[in-house]
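Reading through the structure tokens given below for one structure.
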Amino acid sequence: MSDINVLREALRHSPDNLPLRLLFAQSCLDDLQFEEARESYEHVLSLSPGHEGACLGIVRVLFCEARFSEAIVRAEALVKAHPSFAAAHLMLARLHLAEGDKAAAIDSYRTAVKMDRGFMDEPLAKRLGIPPGGQESDELRPVAMGAGTSGGWREVQPGGEPESVSDFAAEIEKPALTFAEVGGMDQLKQQIRMRILHPMKHPELFRAYGKSAGGGVLLYGPPGCGKTLISRATAGEIDANFFCIGLHDILDMWIGSSEKNLHGVFEMARANAPCVLFFDEVDALAADRKDFKASAASRSVINQFLAELDGGVSNNDGVLFLGATNAPWHIDPAFRRPGRFDRTVFVPPPDEAARAAILRLLAKDKPVADLDAEDLARRTKHFSGADLKAVFDAAVESVLESALEAGRVIPVTQKHLVRAAKEHRPTTQAWFESAKNYALYANQGGYYDDILEYLGLKKP
Ligand code: ATP
């Protein structure tokens, strides 16, 4: 009888023997019998929930099956729960590399080796382009970048760091845009009215019920579905100033200036209240501090961000914080505490009625002859607002050439639009593929129930 069959037989008599089960699962994995390996690891987890070895075993199975995105989600959850589990960090390094994220792979590899030099892996280190011990030269040092960005190393020039005076200046906008220019999203608009606009317009009434004006709301969802647009319109609705802050406005290549820039942004917002302070790609600034992708430098930016949201000696009254992200799972839970981004709103792709509304808005003021918005909306399932705009742009381009030749305006027709829609692939699907994994396997406190409901995996 082969070794694996001996183990199988032994398990028949002693199915709940953990060391035996783990040994059997490992043998199955070595023997490329992935399904049986996974079943055994899951059996271990049913007996001993959260068992590190079994969790890692499942990640290995997924890696072997090339199911990298699910494997990464599980490996990240594992290192979160067991930050000193070096083998899990090493596995994460392999996964990041498989997914083409070399910077994250380097981070994870260095973490594993720093914890235990026994995890040095020469072939892997070579592929990552670093010395096997994980020591980079003194000329290189990490720069302030958070999760969701590539992060990395930059050369420090001889002569040290510059005089770091924050000369950051963001443009103040007074958006004329209102909810009328945002197609669909009726439920979201209503939520924003209740949670944001009414408290800002009638602070004394809300205070009487123990609720405050201002604070923060995190908008998350697939790209191009209107998070930025609705944030701008929110400012327009209450005639407030609007500051749009992007990651690159804040992160400075010189460690230390980022904190100053961040402080400058908040000060400017406080001086211009009432205002909406909108942080795009907020996951990069609010990265999970336990996440090893957040370097030491970015951790201090994150702490500064938390302190500014809290206000401290400053007063954040009348400043509404809106954050948009495609990767809420990378956000440090500390950002969700009261007074910070304590409300979270899922911004899904527009449904059919919303798509029709967006299409009508896009057609406004354009030479469109016979728009059948309902028909086009039916044909564009899964399209984001940005996808619909791309369809319009493509249709316009297709008639522009003939218009130039003819020297007169030739209208865009439904036919042009339908053709352009057929040629466009919706961009929201890829996001849901990885979001589904987070919602299924890292859904603490039902935080991602909205995603599961949207995907029909959970009843509302
Ligand atoms: P990202 O996550 O990539 O930053 P986002 O969710 O912030 O994307 P927006 O930048 O707000 O998306 O939307 C991109 C563009 O798509 C908008 O400028 C607008 O032209 C169009 N669009 C998206 N949603 C809507 C909508 N509901 N109504 C009208 N236009 C929309």
Side-chain angles (χ1 to χ4, degrees), residues 146-149 173 175-193 217-237 242-250 276-286 321-331 341 344-366 368 371 373 376-377 380-396 417 420-421 424-435 450-451 454:
T149 70
E173 246 181 272
L177 190 76
T178 63
F179 282 172
E181 279 82 34
V182 180
M185 299 188 158
D186 294 335
Q187 218 181 331
L188 181 61
K189 286 175 189 167
Q190 187 53 20
Q191 269 181 329
I192 292 179
R193 272 189 201 104
V217 179
L218 185 68
L219 304 171
Y220 78 95
C225 289
K227 296 183 289 297
T228 311
L229 191 72
I230 197 130
S231 299
R232 199 167 255 121
T234 300
E237 283 283 319
F242 183 77
F243 295 93
C244 180
I245 311 296
L247 163 75
H248 300 291
D249 295 325
I250 299 294
V276 173
L277 188 50
F278 173 72
F279 292 96
D280 205 1
E281 294 178 73
V282 72
D283 51 290
L285 275 174
F321 311 117
L322 291 181
T325 179
N326 305 135
W329 29 86
H330 286 316
I331 290 181
F341 291 104
T344 305
V345 176
F346 176 51
V347 183
D351 60 16
E352 199 174 301
R355 290 197 297 278
I358 294 172
L359 288 165
R360 272 185 233 105
L361 279 171
L362 288 167
K364 223 165 83 179
D365 308 325
K366 286 198 190 82
V368 181
L371 176 72
L376 202 51
T380 48
K381 201 171 170 200
H382 304 308
F383 279 48
S384 67
D387 287 329
L388 296 175
K389 186 167 183 297
V391 166
F392 251 87
D393 290 345
V396 166
L417 289 163
H424 187 89
R425 292 274 133 263
T427 54
T428 58
Q429 298 298 85
W431 185 85
F432 276 107
E433 268 164 38
S434 63
D450 284 338
I451 296 177
Y454 180 84

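This one's a predicted model, so the numbers in the text were calculated from it and none came from an experiment. When a ligand or atom number is given, it counts from 1 through the structure's own listing order.
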> When only distance counts, is P223 in polar contact with ligand 1, meaning an N/O pair under 3.5 Å?
Replying inline: no
>> Among A233, G385, G184, which one puts a heavy atom closest to atom 23 (C) of ligand 1?
In response: G385
> Looking at K389, which atoms of ligand 1 are within less than 4.0 Å of one of its heavy atoms?
Replying inline: 20 (O)
> Which is closest to atom 30 (N) of ligand 1 in terms of heavy atoms, T228, D393, L229?
Replying inline: L229
>> Taking 4.0 Å as the limit for heavy-atom contacts, which would you say applies to N326 with ligand 1: side chain only, backbone only, both, or neither?
In response: side chain
> So which protein heavy atom does atom 28 (N) of ligand 1 come closest to, and at what separation?
Replying inline: G183 N, 2.9 Å
> Do any N/O atoms on G226 end up under 3.5 angstrom from N/O atoms on ligand 1?
Replying inline: yes
>> Can you report which non-hydrogen protein atom sits closest to atom 14 (C) of ligand 1, along with the distance?
In response: A386 CB, 3.9 Å
> Are the ring centres of Y220 and F346 closer than 6.0 Å?
Replying inline: yes
> Do ligand 1 and C225 have nitrogen or oxygen atoms that lie under 3.5 Å from each other?
Replying inline: yes
> When rounded to the nearest 0.5 angstrom, what distance separates CG in L388 from CG in L359?
Replying inline: 5.0 Å
> In terms of side-chain geometry, is the basic nitrogen of K189 or E237 positioned less than 4.0 Å from the acidic oxygen of its partner?
Replying inline: no
> Counting both backbone and side chain atoms, is some N or O of G224 under 3.5 Å from an N or O of ligand 1?
Replying inline: yes
> For V182 and ligand 1, does the shortest N/O to N/O distance drop below 3.5 Å?
Replying inline: no
> For K381, does the NZ atom sit with more than 12 other heavy atoms under 6.0 Å from it, leaving out its own atoms?
Replying inline: no
> Between K227 and ligand 1, which part of the residue brings a heavy atom under 4.0 Å of the ligand: side chain, backbone, both or neither?
Replying inline: both
> What distance do F179 atom CZ and Q190 atom CD have between them, rounded to the nearest 0.5 Å?
Replying inline: 9.5 Å
> Which heavy atom of V391 sits nearest a heavy atom of A420, and at what distance?
Replying inline: O-CB, 3.5 Å
>> Nearest 0.5 Å, please: how far is CD1 in I358 from CE in M185?
In response: 6.5 Å
